[in-house]
Engineer: 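Before I ask anything, let me first share the structure, which is written out below as C-alpha cells.
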There are 2 protein chains.
Amino acid sequence: MVTVHDVAARSGVSIATVSRTLRVPHRVSGDTRDRVLAAIEELGYRPNRAAASLRRGRTGVIAFVVPDIENPYFASLTKGAQAASRARGYGLVVVDTTESAEVESEEIRALRSQIDGIILVSSRLPDEQLLEVAEGAVSVLINRDLGDRSPATPSVAIDETAASDAAVAHLAGLGHRRLAYVGGPAHSWSQERRARGVRDAVAARPGLTLAELADVVPTAAGGRAVADAVLGGGVTAVLAYNDLVALGLLAEWGERGVRVPEDISLVGFDNTFVAELSSPLLTSVGTDLRDAGEAAVELLLQRVEATDSDAPAAYRTLRPELVVRASTAPVRTAD
Amino acid sequence: MVTVHDVAARSGVSIATVSRTLRVPHRVSGDTRDRVLAAIEELGYRPNRAAASLRRGRTGVIAFVVPDIENPYFASLTKGAQAASRARGYGLVVVDTTESAEVESEEIRALRSQIDGIILVSSRLPDEQLLEVAEGAVSVLINRDLGDRSPATPSVAIDETAASDAAVAHLAGLGHRRLAYVGGPAHSWSQERRARGVRDAVAARPGLTLAELADVVPTAAGGRAVADAVLGGGVTAVLAYNDLVALGLLAEWGERGVRVPEDISLVGFDNTFVAELSSPLLTSVGTDLRDAGEAAVELLLQRVEATDSDAPAAYRTLRPELVVRASTAPVRTAD
DNA sequence: TTGAAAGCGCTAACAC
DNA sequence: GTGTTAGCGCTTTCAA
C-alpha cells in the first residue's frame with residue numbers, strides 16, 4: 001500500500017504538503033504541486049479513505065435505501081442516484097430492504113455512523129421512526145414527506161396530482177366517460193395521492209364517472225388477480241396504480257379475449273421501461289426517474305457540504321409527463 | 001458520538017475489554033460481558049467503522065459491479081448479493097458501470113483501497129485488464145472467466161450448455177423441426193456459450209435445422225428490430241438471446257398479427273421476472289439469479305475471511321431450469 | 001508556502 | 001481475564 005509517506009519521500013516534501021496538494025491545491029506552490037502530483041501518479045497513490053474518514057469525520061459515502069431493487073421504478077431511481085453521486089465523487093451504498101420496515105430500520109441504524117447522508121426512497125417506516133431518522137442524520141426523502149412534523153426535511157416528490165390529471169384528461173379527450181382506477185396498497189403514500197388525484201380530475205370533468213378498486217397488490221400478479229373485477233359497468237378506460245399492475249391487467253385480459261385498446265383503454269403510472277415491453281405498448285404517465293434520483297443526491301450533498309452560506313431549496317417537485325402509446329385509443333362509439 | 005471510552009467508563013473496564021466483548025466475546029468473562037453489553041445498549045454505542053478499518057486493514061464492505069442496474073437480470077443478481085452480504089454482516093456497494101469498460105475500470109480503481117473484495121458481473125473489461133483486477137484484489141467473477149489465464153480466480157457461472165439443450169429439447173419435444181436462434185452481442189461471453197449450446201443441441205438431434213441471427217442488441221428494441229427477419233424459412237420456433245429480446249419479438253409480432261404460440265413458439269433465456277409480464281407468458285430457461293448473487297458473495301467471503309485452513313471450491317456452476325409458460329406449444333400440423 | 005506534531009476511534013500485541 | 005499501549009494513514013492546527 002502506497003501512503004502519503006511514500007509520496008512525500010518521492011517528491012521531497014512533507015506528508016502535510018502531500019495532503020494539501022490533494023485537498024487544498026491552491027495552498028501549494030505550482031512547482032511543489034507538480035512534483036507531488038507526478039509522484040502520486042508514478043506511485044499510483046490513492047488516499048486511504050478509512051484514514052481520511054476517521055480524521056475528518058466524513059466518509060464520502062451516502063446511502064440509498066430502496067424497498068426492492070428488482071422493481072423497475074426503484075432501479076431507475078437508483079441508476080440516476082448512482083450517476084450523480086459518482087459525478088460528485090461520492091460512493092453510493094445501495095440498500096434493498098425487501099419491503100420490510102424492520103430491515104429498513106435495522107440497516108439504517110447499522111449504516112448511520114459510516115455515511116455522510118442517507119436517501120430514503122418510499123420509506124416503509126412509520127412516521128415517528130422516519131422522523132427520528134430524518135432528524136438524526138442528513139437525509140432526503142423520495143416519495144414521502146413528514147409534512148408539518150418535520151418541514152425541514154428535504155424531499156423529492158413527483159407531482160401525482162398533475163400525473164393523475166394528465167391521464168384522466170387524455171382519456172376524456174379520447175371520449176371515454178366511464179373510467180376505473182385500480183388502486184395500490186391502501187395507505188401507501190403514492191396510492192393516496194394518485195387516488196385523490198384521479199378522483200379530483202374526474203370530478204372536475206362533468207360527465208365522467210369513476211369506479212375504484214382498492215388495495216391491489218402492486219405487481220403484475222396483483223393486476224391479473226383483479227382483471228375480471230375491473231370489467232363491467234360500462235367501463236371503457238382503466239387507470240392502473242403502476243405499470244406492473246397495468247401489465248398484469250393487459251396480460252390477463254389478453255388471455256380472456258379482451259382487446260386493448262379496441263375493447264378497453266389502459267393507462268399506467270410511472271412510465272417505467274416495462275411500459276415498452278408489452279403489446280400493445282403501454283400509455284403511461286410518470287417523470288424521469290433517473291432525474292429524480294439525481295435530484296435527491298444533489299439535495300443531499302448540498303446539505304452534506306453545507307458549511308455555511310447555502311440555504312438551498314429543500315424541496316423538489318418533479319413534473320410527470322404522459323407518454324401516449326398504443327394501449328389507449330378513442331372510445332368505440334356504440335356499434 | 002459514543003466511543004469505546006464512554007462504554008469503558010460506564011461499565012468500569014478498559015477500552016480493550018470493550019473491544020474484546022464485541023470481537024472475541026469468549027475471551028471475556030460472562031460477568032464483564034454482561035456489564036459491557038448493558039453499557040453498549042444504554043449508550044447506543046456503535047463501533048466507528050472507519051477506525052476499525054484503519055486499524056484492521058479490512059473495511060467490512062464488498063463491491064458488486066454490474067453493467068446496468070436497470071436490467072432485470074442484474075437487478076436480481078444484486079438482490080441476492082445484497083441479502084447474502086447483509087446476512088454475513090458486510091456492507092455492499094453496488095456500482096452501475098453503464099455498460100462502459102472505462103467507467104468500470106475507473107470505478108474499480110477508486111474502490112480498490114476501500115473494500116475487502118469485489119464481485120464483477122458480466123465484466124466488460126478486456127481480458128488483460130480483468131486479469132489485472134482479478135489478481136490485484138480478492139475477487140469473484142459472475143458470467144465470465146479467465147480460463148487458463150487465471151485459473152485461480154473464483155467464478156460463478158450458469159451452465160449455458162444445459163440451458164440451451166433444455167430449450168431445444170423442449171421445442172423438439174413439441175414437434176418443432178425448424179428452429180431459429182436470435183443471438184446477442186457478438187463476442188459476449190453469454191452469447192458465445194448460448195450460440196454454441198444451441199448449435200450443439202440442434203446438431204445432436206437429427207432432423208432439426210437452425211437459422212441464426214447474430215449481433216442483436218440485447219433489449220426489447222433489439223428484438224423488435226429483427227422480428228421480421230426471423231420469420232420465414234419455415235421456422236416454427238425461436239430461441240431468443242434473453243427475455244428482453246424475446247419480449248421485443250413478441251410485441252412486434254403481436255402488432256403484425258403473428259400469434260404466439262399458435263403461429264410460432266418462443267423461448268427466452270434467463271427466466272427473469274419480465275417473462276411473467278407478457279401475454280402470452282414467456283417460456284424461459286434460466287437459473288435462480290438471486291441464488292447466483294448469493295453464491296458469489298459466499299465464494300468471495302470465503303476468500304476474504306480465509307486466514308488459513310480453507311481451500312474452498314473456487315467455482316460454482318449453477319444449473320438452469322426451463323420454465324414452460326404459454327409462449328410455446330406443439331407445432332401446428334400442416335393444415 | 002511549508003513542516004512538525006497531535007490525534008481521530010479502534011484493535012491487537014504484550015504484559016500482568 | 002484484563003489493562004496498557006502503540007500505532008493504522010490521514011488531516012489540520014500551529015509555528016516557522
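In what follows, chains carry the letters A, B, and so on, assigned in the order in which the sequence lines appear, proteins first and then strands, with residues in each chain numbered from 1.
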Engineer: If I take atom CG in residue L54(A) and atom C1' in nucleotide dG7(D), what distance separates them, rounded to the nearest angstrom?
Structural biologist: 12 Å

Engineer: Nearest 0.5 Å please: distance from the CG atom of L289(B) over to the OG1 atom of T287(B).
Structural biologist: 7.0 Å

Engineer: Take atom CG of N48(B) and atom P of dT11(C), then tell me their distance rounded to the nearest Å.
Structural biologist: 9 Å

Engineer: Rounded to whole Å, how long is the line connecting atom CZ of R56(B) with atom P of dC10(C)?
Structural biologist: 13 Å

Engineer: Could you tell me whether the phosphate oxygens of dT1(C), OP1 or OP2, come under 4.0 Å of any side-chain nitrogen or oxygen in T32(A)?
Structural biologist: no

Engineer: Does a distance-only test, which skips hydrogens and angles, find a donor-acceptor pair under 3.5 Å between the side chain of R46(B) and the base of dG9(C)?
Structural biologist: no

Engineer: Could you walk me through whether V156(B) and L318(B) pass side-chain contact (heavy atoms from CB on, under 4.5 Å), step by step?
Structural biologist: CA-CA 7 Å; V156(B) 173; L318(B) 268 23; 3.9 Å; yes

Engineer: Over the length of the helix from dT1(C)-dA16(D) to dC16(C)-dG1(D), how much do the five-pair end axes diverge, rounded to 10 degrees?
Structural biologist: 30°

Engineer: Over how many whole Å does the gap from R55(A) atom CZ to dG9(D) atom C1' extend?
Structural biologist: 11 Å

Engineer: Determine yes or no for a side-chain-to-main-chain donor-acceptor pair under 3.5 angstrom, with R20(A) supplying the side chain and R27(A) the backbone.
Structural biologist: no

Engineer: Check every strand shown and say whether S29(A) touches a base, only sugar-phosphate, or nothing at a heavy-atom separation below 4.0 Å.
Structural biologist: sugar-phosphate

Engineer: Atom CD1 of I15(A) to atom P of dG9(D): distance rounded to whole Å?
Structural biologist: 11 Å

Engineer: At under 4.0 Å between heavy atoms, what does A16(B) touch on the DNA or RNA strands: base, sugar-phosphate, or nothing?
Structural biologist: base

Engineer: Establish, with yes or no, whether the OP1 or OP2 oxygen of dG3(D) is under 4.0 angstrom from a side-chain nitrogen or oxygen of T17(B).
Structural biologist: yes

Engineer: Pick base, sugar-phosphate or nothing for S53(A), based on heavy-atom distances below 4.0 Å to the nucleic acid.
Structural biologist: nothing

Engineer: Using the closest heavy atom to pick a nucleotide of DNA chain D for each, name whichever of R35(B) or V4(A) lands nearer the 5' end.
Structural biologist: R35(B)

Engineer: Taking only the side-chain nitrogens and oxygens of R23(B), find out if one of them lies under 4.0 Å from OP1 or OP2 of dT11(C).
Structural biologist: yes

Engineer: Remember a base hit wins even if backbone is also touched, and classify R27(B) as base, sugar-phosphate or nothing at under 4.0 Å, heavy atoms.
Structural biologist: base

Engineer: Strictly distance-based, threshold 3.5 Å: is any side-chain N or O of D34(B) a donor or acceptor partner for the main-chain N or O of D31(B)?
Structural biologist: no

Engineer: Once you apply a heavy-atom cut-off of 4.0 Å, does V18(A) come out as touching a base, just sugar-phosphate, or nothing?
Structural biologist: nothing

Engineer: In whole angstrom, give the distance that lies between atom CG of L22(A) and atom P of dT12(D).
Structural biologist: 12 Å

Engineer: Among I69(B), L77(B), V140(B), which one satisfies side-chain contact (heavy atoms from CB on, under 4.5 Å) with F64(B)?
Structural biologist: L77(B)

Engineer: When the distance from CG of D34(B) to P of dT2(D) is rounded to whole Å, what number comes out?
Structural biologist: 11 Å

Engineer: State whether a side-chain donor-acceptor pair under 3.5 Å links E107(B) with T97(B).
Structural biologist: no

Engineer: Expressed as a whole number of angstroms, how long is the span from R58(A):CZ to dT11(D):C1'?
Structural biologist: 13 Å

Engineer: Using a heavy-atom cut-off of 4.0 Å across all strands, would you classify R20(B) as base, sugar-phosphate, or nothing?
Structural biologist: base

Engineer: With side-chain contact (heavy atoms from CB on, under 4.5 Å) as the criterion, how do T317(B) and I158(B) come out once you've worked through the C-alpha distance, each side chain's angles and the decisive distance to 0.1 Å?
Structural biologist: CA-CA 5 Å; T317(B) 301; I158(B) 287 128; over 6 Å; no

Engineer: In Å and rounded to the nearest 0.5 Å, what is the CD to CG distance from Q82(A) to D96(B)?
Structural biologist: 5.5 Å

